[in-house]
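Structure record follows, encoded as structure tokens.
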Amino acid sequence: MKFMNLGHRDHASRYVATEMFKEIHFNQCTLLGLATGGTMEEMYKELVYLLKVNRTDISCLETFNLDEYFNLDSNDPNSYMSYMKKHFFEPVGMNDSQFHLPDNDLTDVEEDNLRYDQAIREKGPLHIQLLGIGVNGHIGFNEPGTPFDSKTRVVELTEETIEANARFFKDKEDVPAKAVSMGIETILYSNRIIMLALGEKKAPIMAKLHQMTEPDIMIPASSLFSHSDVEIVMDDEAASLIELK
Ligand SMILES: N[C@@H]1[C@@H](O)[C@H](O)[C@@H](COP(=O)(O)O)O[C@@H]1O
């Protein structure tokens, strides 16, 4: 696992966007695992720019998102579908058949989750799995205590996560209490993992992860220790409690 402090948040975002761009531009049919959150906004802006300016053919690109709020209309501005359409799918002109988010409605949710994992298994491994991190160390919406062999499923959000995500909603009460998340085992089924962590709020969890020597299910991001190609990309603020050589 490689920890990198790239200084200003723009540099960190640009590095990740460039790595994603290279994969899409030079690989005919790229399969990506995508993430949402405030952290990713600049990264998507830069990635859209790079794909457009280089006239990259994205007709064979296919993406699987990490998570979605449970039972929230996909047209709701706070759904991850809306986020992805706004920041990436629509600006680059992807067709509906090219992107996938976990199905989040009440009907047949278990079968749909099974199908989501199966599709990734059949098409995968994902060439790059992009990850953010929650202040409690969650990846996707896999909260502390999630087994590392978990698959895509409905999950309960912790108070800490609801609190952290309340800034996007009108009221804290509007944040859904549940979500559908790609499982940790599914996340690990990828050739390469890039995590982006920006801002001082992420500094304590980054320091904790950096000092850990063994995986601990109470810190879901420590499941990444078992993967052979993980880059943790930080800005100065997220890396402020870590001494990097
Ligand atoms: N489920 C998402 C995660 O996939 C994301 O990585 C994380 C960080 O979000 P932000 O970038 O807004 O800090 O929290 C959310 O809860």
Side-chain angles (χ1 to χ4, degrees), residues 9-10 12-13 16-17 20 32-47 63-72 74 76-84 86-88 99-102 104 113 116 126 128-146 150 152-169 172 174-184 186-188 190 193-206 208-209 219-224 230-235 237-240:
R9 58 188 293 133
D10 289 352
S13 301
V16 176
M20 303 276 284
L32 296 177
L34 296 180
T36 53
T39 306
M40 299 298 164
E41 290 183 16
E42 274 306 306
M43 193 288 300
Y44 282 123
K45 203 167 154 193
E46 183 68 21
L47 178 57
T63 65
F64 287 85
N65 261 77
L66 279 170
D67 44 19
E68 178 58 289
Y69 288 111
F70 185 59
N71 201 21
L72 184 68
S74 61
D76 187 294
N78 277 310
S79 75
Y80 286 166
M81 179 65 93
S82 296
Y83 175 105
M84 289 308 302
K86 178 176 169 199
H87 294 288
F88 190 61
F99 56 80
H100 314 275
L101 275 86
N104 72 339
N113 289 339
Y116 201 70
L126 300 163
I128 297 181
Q129 172 67 67
L130 175 68
L131 290 178
I133 186 165
V135 286
N136 60 4
H138 75 217
I139 49 174
F141 268 131
N142 294 291
E143 298 282 33
T146 303
S150 53
T152 302
R153 74 222 177 280
V154 178
V155 295
E156 305 262 347
L157 302 185
T158 60
E159 194 53 34
E160 231 172 346
T161 298
I162 292 175
E163 194 83 49
N165 289 359
R167 69 190 196 278
F168 297 110
F169 292 79
K172 191 180 145 193
D174 296 334
V175 184
K178 289 182 183 183
V180 186
S181 181
M182 199 189 269
I184 292 180
T186 322
I187 289 173
L188 294 173
S190 49
I193 295 179
I194 306 179
M195 174 182 280
L196 179 60
L198 303 176
E200 62 179 356
K201 284 200 181 117
K202 302 292 166 70
I205 187 63
M206 297 323 290
K208 171 94 189 148
L209 195 60
I219 308 285
S222 70
S223 60
L224 305 178
V230 181
E231 283 169 294
I232 310 279
V233 181
M234 297 171 285
D235 65 352
E237 293 178 355
S240 58

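For ligands, and for the atoms within them, numbers begin at 1 and follow the listed sequence. All values derive from a computational prediction rather than experimental measurement.
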Open item on the list: For a quick test of reading the model, state the closest non-hydrogen atom pair linking P102 to T152 and the distance between them.
Closed with: CB-CG2, 4.5 Å
Task: salt bridge (charged side-chain N to carboxylate O under 4.0 Å, His left out): pairs with one or both residues in residues 154-169, sequence neighbours excluded - done: E159-K172, E163-K172
Ligand-protein N/O pairs under 3.5 Å (ligand 1):
| residue | atom | partner | partner atom | Å |
| --- | --- | --- | --- | --- |
| ligand 1 | 1 (N) | D67 | OD2 | 2.8 |
| ligand 1 | 1 (N) | G140 | O | 3.2 |
| ligand 1 | 4 (O) | D67 | OD2 | 3.4 |
| ligand 1 | 6 (O) | I133 | N | 3.4 |
| ligand 1 | 11 (O) | G38 | N | 3.3 |
| ligand 1 | 11 (O) | T39 | N | 3.0 |
| ligand 1 | 11 (O) | T39 | OG1 | 2.4 |
| ligand 1 | 12 (O) | G38 | N | 2.8 |
| ligand 1 | 12 (O) | R167 | NH2 | 2.8 |
| ligand 1 | 13 (O) | K202 | NZ | 2.7 |
| ligand 1 | 14 (O) | H138 | NE2 | 3.3 |
| ligand 1 | 16 (O) | H138 | NE2 | 3.2 |
| ligand 1 | 16 (O) | N165 | ND2 | 3.0 |

Open item on the list: For N142, give me all partners under side chain to side chain donor-acceptor pair (under 3.5 Å), at least two apart in sequence or on another chain.
Closed with: R153, S181
Task: Backbone of R9 reached by a side-chain donor or acceptor of S13 within 3.5 Å - done: yes
Please list every donor-acceptor pair under 3.5 Å in which a side-chain atom of residues 199-206 meets a protein atom from a residue at least two apart or in another chain.
| residue | atom | partner | partner atom | Å |
| --- | --- | --- | --- | --- |
| K202 | NZ | I133 | O | 3.0 |

Open item on the list: Assess, by modelled atom type and distance only, whether the side chains of T158 and E143 contain a donor and an acceptor separated by less than 3.5 Å.
Closed with: yes
